[in-house]
**Q** 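Just passing along the structure, written as C-alpha cells.
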Number of protein chains: 2
Amino acid sequence: MNRQVKTTPRKRPRQDRAKATVDTILAASARVLVKRGFDGFTTNEVASAAGVSIRSLYQYYPNKEALVAALLEQHVEEMSAMLMGELARVSLLPMAQAVRVVIEMTIKAHAVEPELHRVLTEQVPRVGRLARIRELDVLGHRAVTELLKVRQHELAIRDPELSAFLLCTSIEAIVHRAVLVAPEWLRDPRLVDEACALVTRYLGVADG
Amino acid sequence: MNRQVKTTPRKRPRQDRAKATVDTILAASARVLVKRGFDGFTTNEVASAAGVSIRSLYQYYPNKEALVAALLEQHVEEMSAMLMGELARVSLLPMAQAVRVVIEMTIKAHAVEPELHRVLTEQVPRVGRLARIRELDVLGHRAVTELLKVRQHELAIRDPELSAFLLCTSIEAIVHRAVLVAPEWLRDPRLVDEACALVTRYLGVADG
DNA sequence: TGGCAATGTGAGTAATCACTCGCATTCTGG
DNA sequence: CCAGAATGCGAGTGATTACTCACATTGCCA
C-alpha cells in the first residue's frame, strides 16, 4: 500500500519572471538528479542550485515527487515529440526504409540527455504519476499498430497489435540497453543493420 | 555522486537456529517490500513482521540496502538457476525447438514470485550492489552467444555476440513487459508463437 | 558437565529532510 | 497611476527512521 501523493503542479506561473523561475528550478532539478541520484536528491539542494528560495520551489510544486514528475514528463514529452512526428511521415516509405528510419529515430530520441534518461529509468521508482514514463510506449505502440495494419497485406503477420507489441518492445529495449551499457554501440552501423534485419525478417519484407 | 554503502551481509549464521532466523527475515522482507513498496520499506517493520528483534536483523545485515540486496540476489539466483540449467540442455535440439524451449523457460522464470519481481525491477534503484540484477543478463548473453557460435553454420547471422545481444534483450524485454502489463498474455500461445517467429526468422531457420 | 561461542532481545537517539510560518517588492490592467 | 494580484524570500520544526547501547540464554564440543 503506497501512500499516494498529489503530483500535479500547485499553480501555474503567470508572469514571465515566474516562468523563468520555474524553468530554472526544473533545470536545477535535472542537474541535481544527475549529480546525486534519486536518493541524494533533496528539495533544499535543488532550490539552492537554482538560486531561488526553497519557498519559491514549494510555491509551484506541492512536494518532491511533483518536481520529479514534472521533470519526467518534460523528458518523455521531448522524446515523444521527436518520435511521433517522424512516425507519421514514414507511412509513405517502402517498408524496409520505414523500419530503418524508425529505428534511427529511436536512437536519436534516446540520445537526448542520456544521463538524465539513465537516472529517470534506473532510479526513479515507477510509482504513482511517476509511472507515466510508460505512456510514451503506449502511444508508440498504437502508432506502430496502425502502420502495420495499413500495410498488413505486404507483411507476414497475423495480428498487427501483437506484432507491434513485440517489435516496439524489442527495439526500445535494444536501444535502451545499448544506451545504458555501451553508448558507443549506437554509433556502430552494424547494430542498426542487425536491428533492421530483426524487424524486416520478422515482417517478411526484403532487407533494406 | 551516490554515497556507497557496504551491502555484504555482516556475518553468516552458523547454527541452525540462526539460519532459520535469517530465512525468516528474508521472507518477511519480501512480504514487506511487496506490501509497502520500496519507499515504505522500513527495517523496523521487517523485523516485527519477521517476529524478531530489530537488533537481530542488524546482526546479520549491516544496513537496509544489504537486506534488499540479499533479497535481490536470491531472486536473481532462482531465476538464473532455472534458465542456465535448461540452456545447457537445448544445445542438442534442432534450432527451432531450442528457441521455443528457451522462450518458454524465460516465461517460467519470470513467473516465480512475479509481484516481488515487479517491485524489484520497478522500484528498487539500480545503484551499487543493487545493480547486480544485470548480472543475470550478462550470464544469459554469454550462454546464448556460445550457442549461436556453435551453430553459426546453419544460421543467417554474422556476429554471434551481437545477435545474442539483440535476441536476449528482445526476448527478455517482451516477457518482462508482458509480466508487468498483462500477465495473462503469457498464457496465450500466440504470444509465444510470435516470439518464436521473431527469433527463428531472424536466424533464418525453419519455424517450429 | 563446564566453559566458550553464538544467538536473541527493544527502547532510545541522532540525523536527515520535506515542508510551513508572514511580509516586502514588483508587475499589470483598468 | 494606483490598487490588487503575483512573486520571491530562509530559518526552523516536526516527523520519520536507520541504526546503536549491554546482557541473559542457548547450543556445542572438550
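Labels below follow one simple rule: chain letters A, B, ... track the order of the sequence lines, proteins then strands, and each chain is numbered from 1.
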**Q** In whole angstrom, what separates B:E45's CD from D:dT16's P?
**A**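 Answer to the nearest Å: 14 Å.
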**Q** Is any side-chain nitrogen or oxygen of A:T43 closer than 4.0 Å to OP1 or OP2 of C:dA18?
**A**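 A:T43 to C:dA18 OP1/OP2: side-chain N or O found under 4.0 Å.
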**Q** Establish, with yes or no, whether the OP1 or OP2 oxygen of C:dG8 is under 4.0 angstrom from a side-chain nitrogen or oxygen of B:S53.
**A**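 No, because none of the side-chain N or O atoms of B:S53 sits under 4.0 Å from OP1 or OP2 of C:dG8.
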**Q** Specify whether A:H75 and A:H117 have parallel, tilted or perpendicular ring planes, treating 30° as the upper limit for parallel and 60° as the lower limit for perpendicular.
**A**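 Geometry flag for A:H117 against A:H75: tilted rings.
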**Q** To the nearest 0.5 Å, what is the distance between CD on B:E194 and CG on A:L166?
**A** 6.5 Å
**Q** Hey, which of these two, B:T42 or B:D16, hits DNA chain D nearer its 5' end, going by closest nucleotide?
**A** B:T42
**Q** Should B:E65 and B:R129 count as an ion pair when the cut-off is N to O under 4.0 Å?
**A**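 Result for this pair is no, no salt bridge flagged.
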**Q** Starting at CD of A:Q15 and ending at P of C:dG29, how long is that distance when rounded to a whole Å?
**A**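 The answer, rounded to whole Å, is 9 Å.
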**Q** What is the distance, to the nearest angstrom, from the NZ atom on A:K64 to the C1' atom on D:dT16?
**A** 13 Å
**Q** Take the protein atom CD1 of A:I54 and the nucleotide atom P of D:dT7, then report the distance between them rounded to whole Å.
**A**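 Value for this atom pair: 18 Å.
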**Q** Consider the side chain of B:R17, meaning its heavy atoms from C-beta on, and name the nucleotide among D:dG27, C:dT20, D:dT7 that approaches it most closely.
**A** D:dG27
**Q** From CG of A:N63 over to C1' of D:dA15, roughly how many Å is that when rounded to an integer?
**A** 16 Å
**Q** Rounded to whole angstroms, how far apart are CD1 on A:I25 and C1' on D:dG8?
**A** 10 Å
**Q** Between B:Q59 (CD) and D:dC23 (C1'), how many Å, whole number?
**A**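 After rounding, the gap between these two atoms is 13 Å.
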**Q** Let me know the distance between NZ of A:K11 and C1' of D:dT7, rounded to the nearest Å.
**A**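 Roughly 7 Å, once rounded to whole Å.
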**Q** For atom CD of A:Q152, decide whether the heavy atoms of other residues, nucleotides or ligands shown that lie under 6.0 angstrom number more than 12.
**A**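 Buried by this count: over 12 neighbours within 6.0 Å.
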**Q** Could you check whether B:R89 pairs with B:E86 (Lys NZ or Arg NE/NH1/NH2 to Asp/Glu carboxylate O, under 4.0 Å)?
**A** yes
**Q** Test for a donor-acceptor pair under 3.5 Å between the base of C:dG22 and the side chain of A:R55, counting only N and O atoms.
**A** yes
**Q** Using a 4.0 Å heavy-atom cut-off across all strands, classify A:Y61 as base, sugar-phosphate, or nothing.
**A** nothing
**Q** If you find the nucleotide of DNA chain D closest to A:N44 and the one closest to A:G51, which residue's nucleotide is nearer the 5' end?
**A**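 So the residue in question is A:G51.
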